[in-house]
There are 2 protein chains.
Amino acid sequence: MDISEVARRSGLPASTLRFYEEKGLIASIGRRGVRRIFDPGILQRLALIALGRQAGFSLDEIAGMFDTDGRPAIDRDQLSAKADELDRVIQRLSAMRDGLRHAAACPAPSHMECPSFQKMLASASTAPRISVQGVLDKT
Amino acid sequence: MDISEVARRSGLPASTLRFYEEKGLIASIGRRGVRRIFDPGILQRLALIALGRQAGFSLDEIAGMFDTDGRPAIDRDQLSAKADELDRVIQRLSAMRDGLRHAAACPAPSHMECPSFQKMLASASTAPRISVQGVLDKT
DNA sequence: TCTTGACTTAAAGTGAACTTGAATTTGCAC
DNA sequence: GTGCAAATTCAAGTTCACTTTAAGTCAAGA
């Protein structure tokens, strides 16, 4: 597969693929002339990268999840830990969603007067912040 | 309250508070000499901002959620829409969490061979990407 | 063979959200 | 009154994840 096919099938622009290669996240299997040739397995790897991004990992963190031979080297404990972390995020987002829904239906003149909205605010301000460089920022 | 107290009580550095003020997200109630004085209500407002950030809104979007008198001006339809959007995020994160948990317990030698992990990958790659400038990026 | 359009690299640019630095001023505890 | 920790402004710097640009290379179809 050439870069345009990978781009087409993955939905990522070629520039991003080159960027990912430069970052060490992906690798081409070789070159035809000067052009990159990719193994079809690249798509699965890109899917894994997309997954990591969605879960809030930085590209550097994702790079650390593969071992030298390029296979995912995420140990099971780490996986569980991430699942737990994700669970906490989900809990807060759920509370938020419920708060939003309630506020939308609430007859209080301003959302600020809605107890449910206030409760949501309280939990939002005490909760750790979601950051770009990880699901949870323990600052 | 002076800026250091707001910083202490909100957990945000003073520099961030000044930055937020510059962006129009918050306002000081006045000055004692040259120093900012904040109304205690600022904490609630910062909580609202924190909430928005957690839900994936950009600062500009959050700024648009207050009307000129500084009260939240989020209309109920918009609120519902955001709740729906959050719901979709939660769905995907839940699937991901389940996939992670399964992979952690799965006896397959590599996670790549785990059908559950593969399923998660498939959904991750087709799903819209979470971005910094909004909960969902419709690219 | 010639053309052309897709590919290449390297470097610079972008935007979001802050942080840091430097120079300056000043509220307030003593 | 005075000393100074803490505030102020403004500009510039940082990180992340890309995107864009410029200039050049080259595989392949007519």
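Quick note on labels: first sequence line is chain A, next is B, and so on, each numbered from 1.
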Does a side-chain N or O from [X] land closer than 4.0 Å to OP1 or OP2 of [N], or not?
X	N	result
B:Tyr20	C:dA17	no
A:Ser58	D:dC16	no
A:Thr16	D:dT19	yes
B:Ser4	D:dA7	yes
A:Arg31	D:dA27	no

Atom-to-atom span, [atom1] of [X] to [atom2] of [N] - whole angstrom:
X	N	atom1	atom2	result
B:Arg18	C:dG21	CZ	P	14 Å
A:Phe38	C:dT8	CZ	C1'	12 Å
A:Asp60	D:dT15	CG	P	12 Å
B:Leu46	C:dC18	CG	P	11 Å
A:Phe19	C:dT14	CZ	C1'	13 Å
B:Arg35	D:dA5	CZ	P	13 Å
A:Met1	C:dC7	CE	P	12 Å
A:Lys23	C:dA10	NZ	C1'	17 Å

Side chain of [X], heavy atoms from C-beta onward: which of [options] has the nearest atom to it?
X	options	result
A:Asp2	D:dC18, C:dC7, C:dT19	C:dC7
A:Ile3	C:dC7, D:dA17, C:dA17	C:dC7
A:Arg36	C:dC7, C:dT9, C:dT19	C:dT9
B:Leu59	C:dC7, C:dT19, C:dA17	C:dA17

Report task. Without swapping roles, check the side chain of B:Gln44 against the backbone of B:Gly41 for a donor-acceptor pair under 3.5 Å. Result -> no
Query raised in the report: For A:Leu25, does its backbone N or O pair with a side-chain atom of A:Arg45 as donor and acceptor, under 3.5 Å?
Result: yes
Report summary line: Of A:Ala14 and B:Gly33, the one whose closest nucleotide on DNA chain C sits nearer the 5' end is A:Ala14
Query raised in the report: Has the side chain of A:Arg32 got a donor or acceptor atom sitting under 3.5 Å from an opposite partner on the base of D:dA27?
Result: no
Query raised in the report: With respect to B:Ser28, which candidate in B:Arg36, B:Glu21, B:Arg18 satisfies the side-chain hydrogen bond (donor to acceptor under 3.5 Å, both in side chains) definition?
Result: B:Glu21
Report summary line: Correct closest heavy-atom pair for A:Leu17 and A:Ile26 would be O-CD1, 3.3 Å
Query raised in the report: Hey, any chance B:Ile49 and B:Met1 share a hydrophobic cluster, counting ILVMFWY side chains that come within less than 4.5 Å of each other, even indirectly?
Result: yes
